[in-house]
Amino acid sequence: MGNTYHQLYVQSVFAVKYRASVLKPEWRKNFFAVIGNLINQTGCKNIIVNGMDDHVHCFFGLLPSLAISDVLQKIKSGSSGWLNSQQLLTNRFEWQSGYGAFSYGRSQKDYVFQYILNQEEHHRKKSFKIEYKELLESFNIKYDEKYLFHDLI
């Protein structure tokens with residue numbers, strides 16, 4: 001579209017089903033690269049993908065013609081399909097239903113990048129559950145505690 005300009009930055013956060021700690025350090029970096037490629041394949045621009053053994057943070061530039069839900073559906077289904085095809089796990093891999101998506105301005109881009117880059121250091125001090133609740137609260141998102149982590153065992 002002529003004369004259409006945009007700059008939309010989104011951080012998405014989603015967890016392994018039952019918050020199982022299955023994303024192993026020895027292959028996690030390659031898995032995150034697969035997720036980054038899936039983001040790019042949607043037409044969005046991957047900035048960084050990182051996380052821990054039980055969850056992932058993706059930071060990307062969103063095309064205004066795409067719905068965040070469609071992008072996340074492609075990322076989650078494509079990455080779980082790839083991981084299952086690699087047979088790196090003894091059980092079938094699945095993501096927890098749902099996700100968090102948070103928008104940022106250009107001035108926040110470096111901060112969000114560093115935050116996602118330093119996930120291991122960050123989670124030495126704070127659990128994923130606390131981190132996720134703090135994200136929701138900092139964006140004034142109302143949530144019902146009973147549904148927040150309903151996939152947990």
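Every heavy atom of this structure was used, including side-chain atoms; hydrogens, water molecules and symmetry mates were not. We number each residue from 1, following the sequence as shown. Fair warning: this is a prediction, and the values are worked out from it, not measured in the lab.
Considering all non-hydrogen atoms of both residues, Val49 and Ile116 come closest at C-CG2, 4.5 Å. Considering all non-hydrogen atoms of both residues, Ser79 and Leu38 come closest at N-CD1, 3.3 Å. Closest of all the heavy-atom pairs between Cys44 and Gly61 is CB-O, 3.1 Å. Heavy atoms only, all atoms of each residue included: Ser77 and Ser80 are closest at O-OG, 3.2 Å.
Under the 3.5 Å distance criterion, the side-chain polar atoms of Lys76 are matched with a main-chain donor or acceptor of Gln96. The main-chain N or O of Lys126 is never found under 3.5 Å from a side-chain atom of Lys129 such that the two would form a donor-acceptor pair.
In this structure, Val56 is not a member of the same hydrophobic cluster as Ile130, with clusters built from ILVMFWY side-chain heavy atoms closer than 4.5 Å.
Of the inter-residue distances, the one linking Thr42 atom OG1 with Gln73 atom CD reads 11.5 Å to the nearest 0.5 angstrom. Distance CD1/Ile48 to NZ/Lys109: 11.5 Å, rounded to 0.5 Å. Interatomic distance, CD1 of Ile39 versus CG of Leu62, reported as 10.5 Å (0.5 Å rounding). Atoms CG and CD1, from Asn46 and Ile75 in turn, are 8.5 Å apart once rounded to the nearest 0.5 Å. For the atom pair CG (Leu89) and NZ (Lys24), the distance works out to 8.0 Å, reported to the nearest 0.5 Å. Taking CZ of Phe102 as the reference point, atom OG of Ser138 lies at 7.0 Å (rounded to 0.5 Å).
You'll find the side chain of Val16 reaches within 4.5 Å of the side chain of Phe93, heavy atoms only. Looking at Ser12 and Phe59, their side chains never come closer than 4.5 Å, going by heavy atoms from C-beta outward. The side-chain heavy atoms of Lys17 and Trp95, taken from C-beta on, include no pair separated by under 4.5 Å. When side chains are defined from C-beta on, Ile47 counts as touching Phe113, because their heavy atoms get closer than 4.5 Å. Side-chain contact between Asn84 and Arg92 is present, with heavy atoms from C-beta onward closer than 4.5 Å. Using a 4.5 Å heavy-atom threshold, the side chains of His55 and Gln119 count as touching. Taking 4.5 Å as the limit, some side-chain heavy atom of Leu23 sits within range of a side-chain heavy atom of Leu83. Side-chain contact check for Val13 versus Tyr99: every heavy-atom pair is 4.5 Å or farther apart.
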Check step by step if side chain to side chain contact (heavy atoms under 4.5 Å, CB included) holds for Phe14 and Leu72. CA-CA 9 Å; Phe14 45 97; Leu72 268 292; 3.6 Å; yes
Yes or no on ring pair (Phe, Tyr, Trp, His ring centres under 6.0 Å) for Tyr104 and Phe139, after CA distance, side-chain angles and deciding distance? CA-CA 10 Å; Tyr104 294 89; Phe139 280 85; 5.5 Å; yes
What verdict does the side chain to side chain contact (heavy atoms under 4.5 Å, CB included) test give for Val71 and Phe60, after you've listed the backbone C-alpha separation in whole Å, the side-chain angles of each residue and the deciding distance to 0.1 Å? CA-CA 10 Å; Val71 173; Phe60 57 94; 4.1 Å; yes
For the pair Lys142 and Leu136, evaluate side chain to side chain contact (heavy atoms under 4.5 Å, CB included) and give the outcome as yes or no after the intermediate values. CA-CA 7 Å; Lys142 292 184 184 350; Leu136 293 170; over 6 Å; no
Run the side chain to side chain contact (heavy atoms under 4.5 Å, CB included) check on Met52 and Glu120 step by step: do they pass? CA-CA 7 Å; Met52 297 298 293; Glu120 286 190 31; 3.7 Å; yes
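Residues Gln108 and Tyr115 have side chains that never bring a donor and an acceptor to within less than 3.5 angstrom of each other. Counting only N and O atoms by type, the side chains of His57 and His122 include no donor and acceptor under 3.5 Å apart. Side-chain contact check for Glu137 and Tyr143: at least one donor-acceptor pair (N or O, by modelled atom type) lies under 3.5 Å.
More than 12 heavy-atom neighbours from other residues, nucleotides or ligands sit within 6.0 angstrom of CG on Asp144. By the 6.0 Å contact criterion, CD on Gln86 is enclosed, its count of non-hydrogen atoms from other residues, nucleotides or ligands being greater than 12. Annotation: Glu26, atom CD; neighbour count of heavy atoms from other residues, nucleotides and ligands within 6.0 Å is above 12.
Between Lys125 and Glu131 there is no salt bridge, since no side-chain N of the basic residue sits under 4.0 Å from a carboxylate O of the acidic one.
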